[in-house]
Amino acid sequence: RAKDDGGGEHRHYEPALHANAEERRQLEFALRRALENRELELNYQPVVNATTEEVVSFEALVRWNSAQHGSVSPGKFVPIAEDTRLIVPIGTWVMEQACREATRWPEHVRVAVNVSPEQLFEPDFAATVVNALSASGLEARRLELEVTESIFLRDASVARSSLEQCMALGCTVALDDFGTGYSSLGYLRKLRFSTIKVDRSFVQGAAQDSKESLAIIRAVVAMADSLEMTTTAEGVESVEEADLIRRLGCTKIQGYYFGRPMRAEEALQLFRRRHSDMPSRISARPAA
Ligand code: C2E
Ligand code: MG
Ligand code: MG
Ligand code: MG
């Protein structure tokens, strides 16, 4: 993303853009080898019950540690993977790995996996999920698929039928980053989402006393309640934000305050601790 640093450095603007395109080509080249070079890893971020603060699930978040480029953020490489359709094999690996690692957690803890539109438009998406579940032995009810509103921009019927097949297996579907895309409430009638994830921008807005953000979160919570969906607030970073979100009635909370994305081993450690020393709040550690 080209950022204006306000320094009046106009003559650097074009070379910077050029470097971006070049960087993108290099990243794409390296990304083509990332899977076979075992450079991908999943981190897991806890999602807690807003009332009890118990961990109810972990969201799997892909990490790329490139031999050439070092650690590259998903914000940078996922769009490249989507444009090049590399997200299809990468997404299959993510699904398999997440299901496998989740089998080591207590049975009530679920795993959420982000799914790109490109994956849903593959005719065998549901088969990928079936394979990941049967190879790992994870129960379908423990798997949540996270999709964004962007799946409705193209031929929604294909994506819908893929997701409905997964729901028939017992998986649930969450609507991610709600309110940031081309939101239309009509989408909520098209698919039985189990959860609406309220984007971090609204959480931040509400914490800064934005009347609009507060009103939107209240409205989303009320709507979700009457549609028998739950709500997850994304990006809660402080005790104040957590309290506010709880008062607004969100069902679940995800954010650095309760835990950063962590490696699979660390996630597992949370459950290995004796119950009595288990803190209700997970101590934050910088993301790997
Ligand atoms: P997302 O699905 O909305 O994931 C939540 C993002 O918010 C994660 O960023 C997470 O680290 C970040 N986050 C969580 N809590 C906080 C907080 O308190 N403060 C702040 N500032 N950020 C917080 P991450 O891991 O960089 O992932 C970015 C996006 O990349 C994800 O957004 C998702 O859209 C995409 N992504 C990540 N992993 C995968 C994947 O396996 N497959 C696909 N298709 N997309 C993925
Ligand atoms: Mg997500
Ligand atoms: Mg999200
Ligand atoms: Mg978000």
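Both counts, for ligands and for their atoms, begin at 1 and track the order of listing.
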Asks: Counting N and O atoms only, with roles assigned by atom type, does the side chain of S116 sit under 3.5 Å from a partner on the main chain of Q119, one being a donor and the other an acceptor?
Replies: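 No.
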Asks: Are the side chain of T251 and the backbone N or O of A50 linked by a donor-acceptor pair below 3.5 Å?
Replies: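 No; judged by distance alone, with no hydrogens or angles, the pair does not exist.
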Asks: Salt-bridge test for E41 and R63: reply yes if a basic N is under 4.0 Å from a carboxylate O, no otherwise.
Replies: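 A salt bridge is absent here (no side-chain N lies under 4.0 Å from a carboxylate O).
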Asks: Where the closest heavy atom to atom 4 (O) of ligand 1 is concerned, which of I90, L40, L61 has it?
Replies: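 Looking at heavy atoms only, L61 sits closest to atom 4 (O) of ligand 1.
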Asks: Any salt bridge linking E265 with R104? Criterion: basic side-chain nitrogen under 4.0 Å from a carboxylate oxygen.
Replies: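 Answer for the salt bridge query: yes.
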Asks: In ligand 1, which numbered atoms sit nearer than 4.0 Å to a non-hydrogen atom of Q45?
Replies: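 The atoms of ligand 1 under 4.0 Å from a heavy atom of Q45 are 10 (C), 14 (C), 15 (N).
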Asks: Using a heavy-atom cut-off of under 4.0 Å, does the side chain or the backbone of V94 touch ligand 1, or both, or neither?
Replies: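 For V94, the contact with ligand 1 is made by the side chain alone.
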Asks: N/O/S of E59 less than 2.8 Å from the Mg ion (ligand 2)?
Replies: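 An N, O or S atom of E59 is closer than 2.8 Å to the Mg ion (ligand 2), so yes.
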Asks: Return the name of the atom in E234, of element N, O or S, nearest to the Mg ion (ligand 3).
Replies: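 Looking only at N, O and S atoms of E234, the one nearest the Mg ion (ligand 3) is named OE2.
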Asks: Out of V62, V47, V113, who gets a non-hydrogen atom closest to atom 38 (N) of ligand 1?
Replies: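 Minimum heavy-atom distance to atom 38 (N) of ligand 1 goes to V62.
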Asks: Between D177 and ligand 1, which part of the residue brings a heavy atom under 4.0 Å of the ligand: side chain, backbone, both or neither?
Replies: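 The answer is the side chain of D177.
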Asks: Between E266 and R260, is there a side-chain N and carboxylate O pair less than 4.0 Å apart?
Replies: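 So E266 does not pair with R260 through a salt bridge.
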Asks: Could you list the atoms of ligand 1 found under 4.0 angstrom from a heavy atom of E237?
Replies: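 So the atoms of ligand 1 that pass are 17 (C), 18 (O), 19 (N), 20 (C), 21 (N).
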Asks: Just by distance, do the side chain of Q254 and the backbone of T232 share a donor-acceptor pair under 3.5 Å?
Replies: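 Looks like no, no N/O pair under 3.5 Å.
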Asks: Could you tell me whether R154 and E118 have a side-chain N and a carboxylate O separated by less than 4.0 Å?
Replies: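 The answer is yes: the pair qualifies as a salt bridge.
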Asks: Show me which atoms of ligand 1 lie under 4.0 Å from any heavy atom of E59.
Replies: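 In order of numbering, the contacting atoms are 1 (P), 2 (O), 4 (O).
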Asks: Do the side chain of T128 and the main chain of D124 share a donor and acceptor less than 3.5 angstrom apart?
Replies: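 Such a contact is found between T128 side chain and D124 backbone.
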Asks: Give me the ring orientation class for W105 and F271: parallel if the planes are under 30° apart, tilted from 30 to 60°, perpendicular past 60°.
Replies: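 W105 and F271: tilted rings.
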Asks: Just give me the atom name: the N, O or S atom of D177 closest to the Mg ion (ligand 3).
Replies: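 Result: OD1.
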Asks: If you measure from atom 33 (C) of ligand 1 to every heavy atom of N114, N43, T180, which option wins on shortest distance?
Replies: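 Residue with the shortest heavy-atom distance to the ligand atom: N114.
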Asks: Return the name of the atom in D176, of element N, O or S, nearest to the Mg ion (ligand 3).
Replies: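 Distance check against the Mg ion (ligand 3) picks out OD1 in D176.
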Asks: Between K76 and ligand 1, which part of the residue brings a heavy atom under 4.0 Å of the ligand: side chain, backbone, both or neither?
Replies: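 K76 to ligand 1: no contact under 4.0 Å from either part.
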Asks: Answer side chain, backbone, both or neither: which part of V236 comes under 4.0 Å from ligand 1, heavy atoms only.
Replies: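 The part of V236 near ligand 1 is the backbone, not the side chain.
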Asks: Within the 4.0 Å heavy-atom shell around S116, which atoms of ligand 1 are there?
Replies: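 Heavy-atom distances to S116 below 4.0 Å select 44 (N).
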Asks: For F77 and W64, take the angle between the two ring planes, folded into 0 to 90°, and tell me which bin it lands in: parallel under 30, tilted 30 to 60, perpendicular over 60.
Replies: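 The rings of F77 and W64 stand perpendicular, inter-plane angle above 60°.
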Asks: Would E146 count as a contact for the Mg ion (ligand 2), in the sense that one of its N, O or S atoms lies under 2.8 Å from it?
Replies: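 Within the cut-off used here (under 2.8 Å), E146 does place an N, O or S atom near the Mg ion (ligand 2).
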Asks: Please state which part of E234 comes within less than 4.0 Å of ligand 1, counting heavy atoms only: side chain, backbone, both or neither.
Replies: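 It is the side chain that gets close, since no backbone atom is under 4.0 Å.
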Asks: Under 4.0 Å from any heavy atom of P261, which atoms of ligand 1 are there?
Replies: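 By the 4.0 Å cutoff, the relevant atoms are 11 (O).
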Asks: Is L163 reachable from V129 through a run of hydrophobic residues whose side-chain heavy atoms are each under 4.5 Å from the next?
Replies: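 V129 clusters together with L163.
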Asks: I'd like to know if the side chain of R141 reaches the main chain of G170, judged simply by a donor and an acceptor atom lying under 3.5 Å from each other, with no hydrogens or angles considered.
Replies: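 Looks like no, no N/O pair under 3.5 Å.
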Asks: Where on E82 is there a heavy atom closer than 4.0 Å to ligand 1, on the side chain, on the backbone, on both, or on neither?
Replies: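 Neither; no heavy atom under 4.0 Å.
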Asks: Enumerate the atoms of ligand 1 whose separation from the nearest heavy atom of R200 is less than 4.0 angstrom.
Replies: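 Taking each heavy atom of R200 in turn, ligand 1 has 19 (N), 20 (C), 21 (N) under 4.0 Å.
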